[in-house]
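Each remark here refers to the structure printed beneath this line.
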Amino acid sequence: MPPLQFWKPGAAAPGSSLDRESEAEGSLLPVAAAKNAHLSIDAQRQRLPIYKHREKLLWCVEKYKVVIVVGQTGCGKSTQIPQYLHEAGWTSQNHVVACTQPRRVAATSVATRVAEEVGSVLGDEVGYTIRFEDLSSPTRTKIKYMTDGMLFRETMMDPLLSKYSVIMIDEAHERGAYTDLLLGLVKKIMRKRPELRVIISSATIDAEDFLEYFNTNADGTDRAQDDAVIVSLEGRMFPVEVCYLKEPCADYAEAAVQTVFDIHMKEPPGDVLVFLTGREEIDQVIQQVSDRLQSLPSAAPKLLPLPLYATLPPEEQELIFDPPPRDTRKVIFSTNIAEASVTIDGIKYVVDCGFVKLKTFNPRTCMDVLTITPCSLASANQRAGRAGRTSAGKCFRLYPSSILPTHNPRSPMPITTPPELVRSDISLYLLQLKALGIDNVAKFDFMSPPPSEMMIRALEFLYCLKAIDDEGRLTRPMGERMAEVPLDPMMAAILLNSHAFRCGEEILTIAAMTSVQNVFITAEGGTKATMAELERRKFTAEEGDHLTLLNAYNAFARYGTKDKQWCGNHRINFKAVSRAASIRKQLKKYLDRFEIPVVSCEGDAVRLRKCLVSGYFKNAARMLPDGTYRSAREGAILHVHPSSVMFTRQPSTGWVIYHEVIETTKSFMRDLTVVDEDWLVELAPHFYTFKGGGLKKHL
DNA sequence: GAGCACTGC
């Protein structure tokens, strides 16, 4: 295959804002950590590029209610801005500065760093709050890092978030569901608390969107009336040269392999990060790379290909951080996990296929669709930036520059990724908003309002679960409690119904186990996969996946809580099930507080399965003679997901309920339990009746 | 007979 032709933009590259940003920072050289080692913490802090903007930032926070801060990763905004505010007195009179993060690791690691810089014991002056871990003091903590979901939850206790003087929403451009909910809430709170200050940290690309959303000076003729402002910070990134393919390629996986070998043969030493879309694709590409390595002369420079994706066992994930053997180039083939969640130092080259796997809820079919779609320009810029963390780098985009949305108004590439709230089932979020007293959710000031069809679907769901009444008001105590427990509405209903079926012990376990992913370890392909499957059979329940999860948890509780070896032998993911144990404990506390007695069903699986039907009833399907299923709700053809124990079985009653459907190549049901047709009518008469000998869904 | 990107309470 001839080498692929890349186009190298000149100094004045058209298009991508990334190119412009890199140019602007071309003269800015970061200070090596080693060189700084002798400096005091204060001196180190003053050397950060952001320090030059300290006074301006503080002035803006005084003058404007909302400050939108734009700066690349590594410029120190998450660690420094809360400290500047603390030093400037924003934490006096028992006030707290909050800084939210979209991920748990970010909240804990940034808090740890800042505690060191401030000279505080973690949990004292500087603390963090994430689920299951509260290292903060209600009286002494002045700077509090937390996940956005946690701050959202705090609004249930304190609707005005009155203890906070400044709330900084970090990584807002990622537009996670709780980030968007917080944006709306904070905007609402500001009307009642004019003294509250909000800082939004975002990427350059959407800063204007945030400004427009927050600025109440709508006509904009007199800028002096603005109450929101954008502040640009210099980053500490190195320049990244971006190259494009001259022509579109037919197969990006093939192009990725070719590009990796071109880099390997022609470019100076440095590790490579390749962005692809999924596990299967990554395993295949690595196989191709390994095959081609065989044909290379033995004297050729060495190359070490490594996979990276979320379901990779932890010990294999660790390998990407190890330095490669001498004279070997490390090449990491990764999913989107390396875009923001996992940071690898020493990457000099990025290869970007330009695609991402994205989950989108279809309200018409009530299914999640998982599709490979062009990534946004914002994503592409973030990916490219991964090449410039420790030295100047180079990014190879496996598409022509002509498809960029900045060049082509009809580009398939969006400028930003659609926010999570507009492509999810929002019933949980609407329920939580109602719990905050926002009854008319359609009037809530979403930065990007979810499509009305999604709203209607979600409200219908909540009504048939009895969480809201026919006027859309939260029911008491059912709806109120459902909003409070950290579960999706269906499972919340099941848990709260469990006392009626006398099976709380078991439902607690099932709710916890369905809340974590990848309970069972499945190795890729061949005999290993069969082995994992065989091990799982030990826990297999004929009644389906929920009872299988229950069996696995009970075995773990008896033998595996402290025994990683036992878990490995039984192909159980130790971390996942340990987390399920924490979740179970937390859920139990909620039931205790609601004074819902928790008893065991003593092996009576019928009670247990009926209880599951009391929440899952709308997700019912009947098996057809050809082995596929037809959904009771929409009459859609469904398939059993290969990870289900029902993949190799047939339901004795002909009926199943399921947790969710994901559409990939087909529509797959996940987490199934065998049920009786009669139970559907018995437990959800408002949803189903018998007509002419068959089950009919009410319209 | 065939497979899930990633977060969060």
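Predicted model only: the values in this text are computed from it and were never measured. Residue numbers begin at 1 in each chain, while the letters A, B, ... track the order of the sequences.
Counting non-hydrogen atoms under 4.0 angstrom, A/His641 reaches the backbone sugars and phosphates but no base. Within the 4.0 angstrom heavy-atom criterion, base atoms lie near A/Arg131. Residue contacts shown for A/Ile130 are limited to sugar-phosphate atoms, with no base heavy atom under 4.0 Å away.
Contact check, A/Ser515 against B/dC9: no side-chain N or O comes under 4.0 Å of OP1 or OP2. Side-chain N/O atoms of A/Thr335 include one lying less than 4.0 angstrom from OP1 or OP2 on B/dC6. Proximity of A/Arg104 to the phosphate of B/dC9: a side-chain N or O atom is located under 4.0 Å from OP1 or OP2. Between A/Thr147 and B/dC9, a side-chain N or O to OP1/OP2 separation shorter than 4.0 Å is present.
Residue A/Phe647 is the one, among A/Phe647 and A/Thr664, whose nearest nucleotide of DNA chain B lies closer to the 5' end (criterion: closest heavy atom).
Judged by distance alone, the side chains of A/Thr509 and A/Arg584 do bring a donor and an acceptor atom under 3.5 Å apart.
Under a 4.0 Å N-O distance rule, the pair A/Arg386/A/Glu339 does not qualify as a salt bridge. In summary, A/Glu171 and A/Arg103 do not engage in a salt bridge, as defined by a charged side-chain N under 4.0 Å from a carboxylate O.
Going from atom CD of A/Glu660 over to atom P of B/dC6 covers 14 Å, rounded to whole Å. Distance A/Leu638 CG to B/dA2 C1': 16 Å, rounded to the nearest Å. In this entry the distance linking CG of A/Asp283 with C1' of B/dG3 reads 12 Å, nearest Å. Atom C1' of nucleotide B/dA5 and atom CD of A/Gln517 are separated by 11 Å, given to the nearest angstrom. Protein atom CD of A/Gln101 is 12 Å distant from nucleotide atom P of B/dC9, rounded to whole Å. Distance A/Phe520 CZ to B/dG3 C1': 16 Å, rounded to the nearest Å. When the P atom of B/dG8 is taken as reference, atom CZ of A/Phe132 falls 12 Å away, rounded to whole Å. Rounded to whole Å, the distance from CZ on A/Arg153 to P on B/dT7 is 20 Å.
Here the side chain of A/Met150 is nearest to one of B/dG3, B/dG8, B/dC9, namely B/dC9. Minimum atom distance to the side chain of A/Arg423 is reached by B/dA5, of the listed B/dG3, B/dA5, B/dT7.
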Checklist entry - After noting the C-alpha distance and the side-chain angles of A/Tyr145 and A/Ile143, does the key distance pass the side chain to side chain contact (heavy atoms under 4.5 Å, CB included) rule? => result CA-CA 7 Å; A/Tyr145 290 90; A/Ile143 301 175; 3.6 Å; yes
Item to check | CA sep, side-chain torsions, deciding dist, call: A/Arg622, A/Tyr629, side chain to side chain contact (heavy atoms under 4.5 Å, CB included) | outcome: CA-CA 5 Å; A/Arg622 181 168 59 93; A/Tyr629 288 73; 5.9 Å; no
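No option in A/Asp148, A/Thr147, A/Asp170 other than A/Asp170 meets the side-chain hydrogen bond (donor to acceptor under 3.5 Å, both in side chains) test with A/Gln101.
The ring of A/Phe355 has its center closer than 6.0 angstrom to the ring center of A/Tyr252. The ring of A/His639 has its center no closer than 6.0 angstrom to the ring center of A/Phe647.
For the segment residues 352-361 of chain A, residues with any heavy atom less than 4.0 angstrom from an atom of DNA chain B are, sorted by number, A/Lys357, A/Lys359.
Per the stacking criterion (ring centres < 5.5 Å, plane angle < 30°), A/Tyr178 does not stack onto the base of B/dG8.
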